[in-house]
Amino acid sequence: MTLRNIYILLALLLPFSLFAEEKAQKDWVRKGIYIPEVTVYGQRPMKEIGAQQTKFDSVVLKENIALSMADILTFNSSIFVKSYGRATLSTVSFRGTSPSHTQVSWNGMRINNPMLGMTDFSMIPSYFIDDASLLHGTSSVNETGGGLGGAVKMSTTPAQNKGFGLQYIQGIGSFKTFDEFLRLTYGNDHWQVSTRAVLSTSPNDYKYRNHDKKENIYDEDMNIIGQYYPIERNKSGSYRDFHLLQEVYYNTGKGDRLGLNAWYINSNRELPMLTTDYGDDMEFDNRQREQTFRGIISWDHIRSNWKVAAKAGYIYTWMAYDYKRDVGNGTMVHMTRSRSKVNTIYGQAEGEYYIGKKWLFTANLAAHQHFVESRDKNIILQEGNKGIVGYMKARIELSGSASVKWRPIDRLGLSAVIREEMYGTEWTPIIPAFFVDGVLSKVGNITAKASVSRNFRFPTLNDLYFLPGGNPNLRKESGWSYDAGLSFAVGRKGVYSLKGSATWFDSYIHDWILWLPTTKGFFSPKNIKDVHAYGVEMQVNLDVALTKEWQLSLDGTYSWTPSINHGEPISAADQSVGKQLPYVPKHSSTITGRISWRKWSFLYKWCYYSERYTMSSNDISLTGKLPEYFMSNISLEKEFSFRWADLSLKGTINNLFNEEYLSVLSRPMPGINFEFFVGITPKWGTKHKK
Amino acid sequence: MVRKFVELMALSLLLLYTSCMEWDYGYVEEFDTSGERGLFICNEGNFQYGNATLSYYNPATKKVENEVFYRANAMKLGDVAQSMIIRNGIGWVVVNNSHVVFAIDINTFKEVGRITNLTSPRYIHFLSDEKAYITQIWDNRIFIVNPKRYEVTGYIEVPNMTMESGSTEQMVQYGKYVYVNCWSYQNRILKIDTDTDQIVDELVVGIQPTSLALDCNNKLWTVTDGGYEGSPYGYEAPSLYRIDAETFTIEKEFKFEFGDWPSEVQLNGAKDKIYWLNDDVWEMDVTADRAPAYPFLPYNGTLYYGLTICPHTGDVYIADAIDYVQQGKVYRYSSDGKLLDEFYVGIIPGAFCWK
């Protein structure tokens with residue numbers, strides 16, 4: 001078989017291989033663990049030469065409909081998720097960096113908020129994501145710039161069903177939580193159509209013991225005669241999130257694929273009160289609403305040794321923040337009424353070209369044009385008329401890359417990437433990245449990887465223009481990152497598979513942007529810190545078929561992430577130099593264990609975060625303490641297969657040991673809580689593709 | 001087989017049951033500072049993180065005690081400790097984003113009561129044991145409270161001010177009138193008749209007057225920050241104003257450079273000298289007609305956040321918030337500018353209160 005024929009075969013088999021993976025993952029749930037053959041050297045994709053990646057399969061992503069991507073990352077990766085409460089803002093710290101140092105893409109389109117730079121992962125239901133991976137540090141340069149910590153890549157894939165399909169899941173849980181999921185699919189040889197909807201609602205008023213305040217008991221003369229720590233409810237924490245995802249894919253069967261993805265979000269969330277708030281929640285309304293539409297059309301043209309692809313997309317986000325106060329007669333009056341609108345137009349073109357088995361050339365150009373309108377405050381002007389504090393800005397963001405990947409021998413791969421970015425009118429210098437991997441030993445598939453890259457991150461639109469405080473004179477952040485690691489994989493198909501990796505990383509970030517208070521009562525960003533973030537990430541995965549009916553799987557991660565401020569002292573009194581950044585844990589770890597027997601499966605999830613500092617000086621005070629914590633969740637699932645439908649019943653217990661813990665100061669987290677799910681997939685003559 | 005499955009699950013749970021987080025409830029510490037002169041420092045903490053603290057400094061022994069509210073009460077002070085005053089042995093600590101004013105014993109630091117049902121309190125001013133005013137931000141009302149019963153008893157509505165652009169700040173009293181500076185997106189000083197709780201007059205000054213003081217000659221002093229670049233409300237060179245309290249007219253305006261950020265107008269014990277921050281620390285006689293050419297203490301590369309003058313010795317205390325996420329530092333200088341002491345306090349030390 002000639003090389004050309006091999007590539008044609010690969011291209012034609014691609015949809016089937018995707019399907020095989022999907023089917024394997026479904027088998028995981030229905031029939032136990034699918035243990036694939038261990039990937040051996042020479043079969044590693046050219047595109048991934050030297051890249052440090054963590055992939056999440058659909059078993060992890062589709063664990064239950066109540067989970068967001070924040071939950072997935074918390075329990076399945078080395079990323080630290082800073083959560084402000086249940087169904088509340090959740091941001092990530094990747095390799096000890098800040099939330100805006102993680103670039104996030106959905107089907108190739110960057111979805112970081114251009115005003116804030118960060119992404120709220122609590123707003124991404126994991127059931128809407130079919131494929132997700134983390135690109136650690138330097139590896140993110142393969143996809144995008146600005147990922148000084150890394151990138152989170154999420155995408156949807158065709159369902160690969162034939163005929164009509166329906167899946168409905170309902171979850172009922174503690175704190176009057178209701179989660180509903182509906183998916184309708186239709187597929188034939190060329191078309192795949194899918195509609196997914198998720199609705200999650202809850203008053204979210206979980207009880208917790210408030211250690212931060214005491215209730216007073218007074219006598220008649222208003223002398224305090226007793227005090228106690230109150231059991232309080234999470235006040236002002238309700239949410240109602242609706243997501244709708246429409247997908248249409250067309251495959252010509254001759255190497256061309258067209259896709260349409262449209263995702264609509266309608267979220268209405270109260271912002272929970274702090275543990276130190278003595279206000280009456282009935283007198284205040286503190287609420288954030290969001291409507292977002294993200295749409296992408298894509299075209300892939302695949303030939304034997306080359307591929308071109310193009311994408312076009314659009315994002316519309318409307319966000320409203322309202323803080324209201326009852327002025328005494330039941331009338332709620334605005335204290336803050338903030339509105340923002342973001343329109344983003346996106347386009348991307350990419351190409352790949354193989355020369356023989358040894359060379360791969362890629363090129364990619366992406367453009368995001370943002371139009372932002374921020375109306376933050378209504379005021380009365382000096383002249384007596386009304387005015388608005390806010391800004392309107394537009395910015396074009398271009399990011400282009402070219403790479404060459406070379407595998408001179410089966411055991412060695414080399415890759416060089418050059419990227420350049422332009423934000424507004426400012427260009428980055430050339431961003432180079434180099435990757436190498438090599439098989440050290442065929443026994444155990446021991447592979448070494450290493451990479452180095454430069455990177456830059458531009459200030460966000462709020463950093464530059466927010467009123468008050470925006471600083472148009474900010475410099476872009478810059479950094480160098482280095483990675484080196486070893487991995488191994490052993491196993492026997494259908495019996496066991498054991499894989500592991502350990503990676504050392506080291507990165508220097510200059511001109512880190514921080515928002516600091518001013519004497520005028522508002523915050524303003526400055527380039528202030530030089531940070532050295534380094535450490536070790538380890539992963540291990542074991543899948544074992546204990547018997548024909550018993551299957552066991554264990555996944556573990558551990559990371560050690562010192563993230564040290566190496567900037568110049570702000571003043572002689574500055575005690576922060578040489579210290580760990582606040583809110584970045586030095587140690588974190590996760591374990592997921594799954595055991596299944598016939599159609600039963602039991603899942604145990606565990607995560608650990610070491611103590612986080614709340615001060616840059618790393619002082620631990622009585623009021624600034626975030627102790628380490630362990631979190632354990634379990635679930636038990638039973639599948640039933642009838643002639644007319646598949647049914648599933650699942651019970652989950654979150655925070656199994658009812659830990660009192662905090663992720664962020666003064667933000668209470670829920671104790672033990674439960675949710676029960678019922679799922680039904682009717683068999684309306686639906687036939688999986690064979 | 002099902003039983004075996006259940007047993008295995010139970011065993012795995014047992015193995016994974018590792019020690020959970022031990023919650024520290026804190027314990028109550030006993031303090032007794034009676035008979036001492038002391039200085040309270042309100043450390044704002046970080047907005048929305050609930051880590052405000054109260055520090056106490058004894059100038060005689062040069063000893064500082066941090067987190068005294070937490071240590072004396074085994075609970076947090078709250079979110080953004082804005083200001084504090086003392087009346088009859090009780091300290092009143094205004095905790096802005098916790099919507100509370102705590103009353104504490106100034107010798108033991110123990111709570112004796114609290115005023116709640118506030119919008120966003122900034123400062124408290126006493127008229128009598130049973131009547132006080134509390135100013136607010138994001139509210140167009142000044143709250144009238146009964147401190148003895150810890151109750152809100154009424155409101156003074158400010159004309160031409162909405163909730164959203166509401167801002168009333170510091171208060172000083174001259175006779176039966178209380179004067180209030182209106183700061184955020186405001187440009188005026190209000191005059192309140194305390195008999196009727198009505199605003200009887202107002203005086204337009206520059207953009208955003210930040211503080212207010214009354215000197216020995218019954219002159220009001222306020223300094224504006226001038227707004228900021230891009231503000232629809234305007235942006236101008238800030239000014240320091242001397243206002244005659246009796247006639248409620250501007251007597252003198254001292255203009256700063258465009259782009260200066262003056263703040264924190266303070267008086268010494270005799271109330272015949274005025275101090276303020278504008279990168280450097282400045283001092284001026286209250287009768288002066290020209291601003292001084294040289295500062296009392298020159299800028300040393302850090303942004304000072306708070307200022308107070310000891311009413312007994314004239315020592316000048318300056319607070320440095322450093323990077324705003326670590327313990328701030330307070331520098332104590334003699335009245336002739338010699339460094340006498342320095343000590344770390346809490347996060348963002350912003351306001352002082354003399355015992």
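Bear in mind the structure is a predicted one, so any value in this text is a computation, not a measurement. So that the names make sense, note that chain A is the first sequence line, chain B the second, and so on, each numbered from 1.
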Measuring heavy-atom distances to chain A, does [X] have an atom under 4.5 Å in its side chain, in its backbone, in both, or in neither?
{"X": "B:R188", "answer": "neither"}
{"X": "B:E67", "answer": "side chain"}
{"X": "B:K110", "answer": "neither"}
{"X": "B:N66", "answer": "neither"}
{"X": "B:A321", "answer": "neither"}
{"X": "B:T116", "answer": "side chain"}
{"X": "B:Y155", "answer": "neither"}
{"X": "B:T119", "answer": "both"}

Do A:F523 and B:Y324 have ring centres separated by under 6.0 Å? no

Please verify the inter-ring angle class for B:W261 with A:F522; under 30° counts as parallel, over 60° as perpendicular, anything in between as tilted. perpendicular

With distance as the sole criterion, is a donor-acceptor pair present between the side chains of B:Q326 and A:D574 under 3.5 Å? yes

Can you see whether A:S571 engages B:D320 through a side-chain donor-acceptor pair at a distance of less than 3.5 angstrom? yes

Heavy-atom pairs under 4.5 Å with chain B, option from A:I224, A:D619, A:V333 with the top count: A:I224

Not counting sequence neighbours, which residues clear side chain to side chain contact (heavy atoms under 4.5 Å, CB included) with A:L603? List them please. A:E63, A:T592, A:R594, A:K605, A:S635

Using the side chain to side chain contact (heavy atoms under 4.5 Å, CB included) criterion, which residues pair with B:N46? Sequence neighbours excluded. B:Y49, B:N51, B:V325, B:I347, B:I348

Measuring heavy-atom distances to chain B, does A:I528 have an atom under 4.5 Å in its side chain, in its backbone, in both, or in neither? neither

Hey, what do you get for OG1 (A:T336) to CD (B:E164), rounding to the nearest 0.5 Å? 6.5 Å

A:R667 side chain near B:Q48 side chain, heavy-atom distance below 4.5 Å: yes

